[in-house]
Amino acid sequence: MASVSSQPQFRYTQPPSKVLHLRNLPWECTEEELIELGKPFGKVVNTKCNVGANRNQAFIEFADLNQAIAMISYYASSSEPAQVRGKTVYLQYSNRQEIVNNKTTADIAGNVLLVTIEGQDARLVSIDVLHLVFSAFGFVHKITTFEKTAGFQALVQFSDSETATSAKNALDGRIIPRYLLSDNVAPCTLKITYSAHTDLSVKFQSHRSRDYTNPYLPVAPSAIDGSNQFSLGLDGKKLEPESNVLLASIENMQYAVTLDVLHMVFSAFGPVQKIAMFDKNGALQALIQYPDVQTAIVSKEALEGHCIYDGGFCKLHLSYSRHTDLSIKLNNDRSRDYTIANPAMVNPQPPALGQQPIQTMGQAGHQYNVTQYAAPGLGQPMMPPQPSAGWGASAIPVQMTNHNPYVPPASMPQMSHGMMQMPPGQSGVPPPASTMPYFRPNHM
DNA sequence: AGCACA
């Protein structure tokens, strides 16, 4: 008895249904607005908004077929089209007889986001990159990643639904900033809905799940023993055991890279305990020690392949050292132990706590909302004109380029934020960092 | 401006 379903999908006269299909809706049309629209004609028993690839379609389901007919008939002969927020809405009978599954996910705000990473190389996006991206909006408690038919997905847990909502609003439909990914990785778009989860269960720290509230959670055996997907998941990464100590090699060192510059750059991801610099085959290398492996992982993921100065200068290459605790004999301009009190130490402030720089990114996220998110109507998300304009600003110190490499080391740490917001200056000697504005203007 | 999700 299936004659109705053989109707062509697009035609002017769908067979009547108590479900109406609406299109050309304004962005982020709410359920309330749909109810308002349908109320004059009958009882709206269900709605579904944000439907379709552009999320500008919706369904309204009436209690009675005659009510749906009344609405269609009215607007068929009305000189005034149906409108939501002044925008003309086109409606017709749906080819479905009822709205299924409204109000499960997608509409109910929660503290956990379901993130689908779209793009050819979505699977190359590491959990650490996701962590950085979402940390711009608040403390990320946990992340799990998994493969579904929908593709590569992640659940990202925040403290509360407000934080999750701010992240969702700012990031949904946007691409992961290119500077967070390797150069050869194709753009990855984030599609975000609310998850019904409230608290994710993370048993181990691994390549596919992290619990940032518990850094002492055991690391999954699969993430340690070499044959793991940790490396496989990140194509092109070497198999090397993770360590709390990073080995940094600096390529194309046109500017001086001082101990303090390194300290500032690496402190963005957590407290730096020790740094030792040395020459190897004429190139500068440094060992940077964090208190834990997780911090080193995040730092490495974020900094690998990036340049301390704009223009490709002082490119960082990071690997995990076999060291776990550096032996610093004395504090000088090449090596330092930041864990011991030393009046001669340059750094006037103790290193920031692990989450601190990331949490300051809330303001960057907000800024992002205002400026970058202003034109959601464009199907294609826009890249931030400069990485430092986006949420990652504070977390990606290497993007904060062109500070004067010869600035006295003692003045470096306390102005780190200013530096990180500086516009690029590819030519000539950049002005002293201390004159730089706190926020760089967003342009483009 | 043309039909979702599990």
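Here is how names work: the chains are called A, B, and so on, in the same order as the sequence lines, proteins then strands, and each is numbered from 1. Model, not experiment: these values are computed from the prediction.
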| query | Separation of Leu114(A) atom CG from dA6(B) atom C1', in whole Å? | reply | 13 Å
| DNA chain B: Arg96(A) or Tyr90(A), which has the more 5' nearest nucleotide? | Tyr90(A)
| Separation of dA4(B) P from Asn50(A) CG (nearest whole Å) | 14 Å
| task | For residues 74-96 of chain A, pull every pair meeting salt bridge (charged side-chain N to carboxylate O under 4.0 Å, His left out), keeping only residues two or more places apart or in separate chains. | result | Glu33(A)-Arg85(A)
| task | Check the distance between dC3(B)'s P and Leu22(A)'s CG and give it to me in whole angstrom. | result | 13 Å
| task | Name all residues meeting the side-chain contact (heavy atoms from CB on, under 4.5 Å) criterion together with Glu162(A); count only those two or more places apart in sequence or in a different chain, and write none if there are none. | result | Asp160(A)
| remark: Gln153(A) CD to dC5(B) P, in whole Å, measures 12 Å
| field | Distance, rounded to the nearest Å, where Glu31(A) contributes CD and dA4(B) contributes P | value | 19 Å
| task | Give me the residues of residues 57-67 of chain A where at least one heavy atom lies under 4.0 Å from an atom of DNA chain B, by number, or none. | result | Gln57(A), Phe59(A)
| Whole-Å gap separating P (dC5(B)) and NZ (Lys191(A)) | 11 Å
| Whole-Å distance separating the CG atom of Asn46(A) from the C1' atom of dC3(B) | 15 Å
| All side-chain hydrogen bond (donor to acceptor under 3.5 Å, both in side chains) counterparts of Ser161(A), not counting sequence neighbours | none
| remark: Rounded to whole Å, CG of Asn54(A) lies from P of dA4(B) at a distance of 13 Å
| field | side-chain hydrogen bond (donor to acceptor under 3.5 Å, both in side chains) against Asp183(A), all qualifying residues, sequence neighbours excluded | value | none
| said: If the condition is side-chain hydrogen bond (donor to acceptor under 3.5 Å, both in side chains), which residues does Ser321(A) pass it with, not counting sequence neighbours? | reply: His323(A)
| NZ of Lys300(A) to OH of Tyr320(A): how many Å apart, nearest 0.5 Å? | 4.5 Å
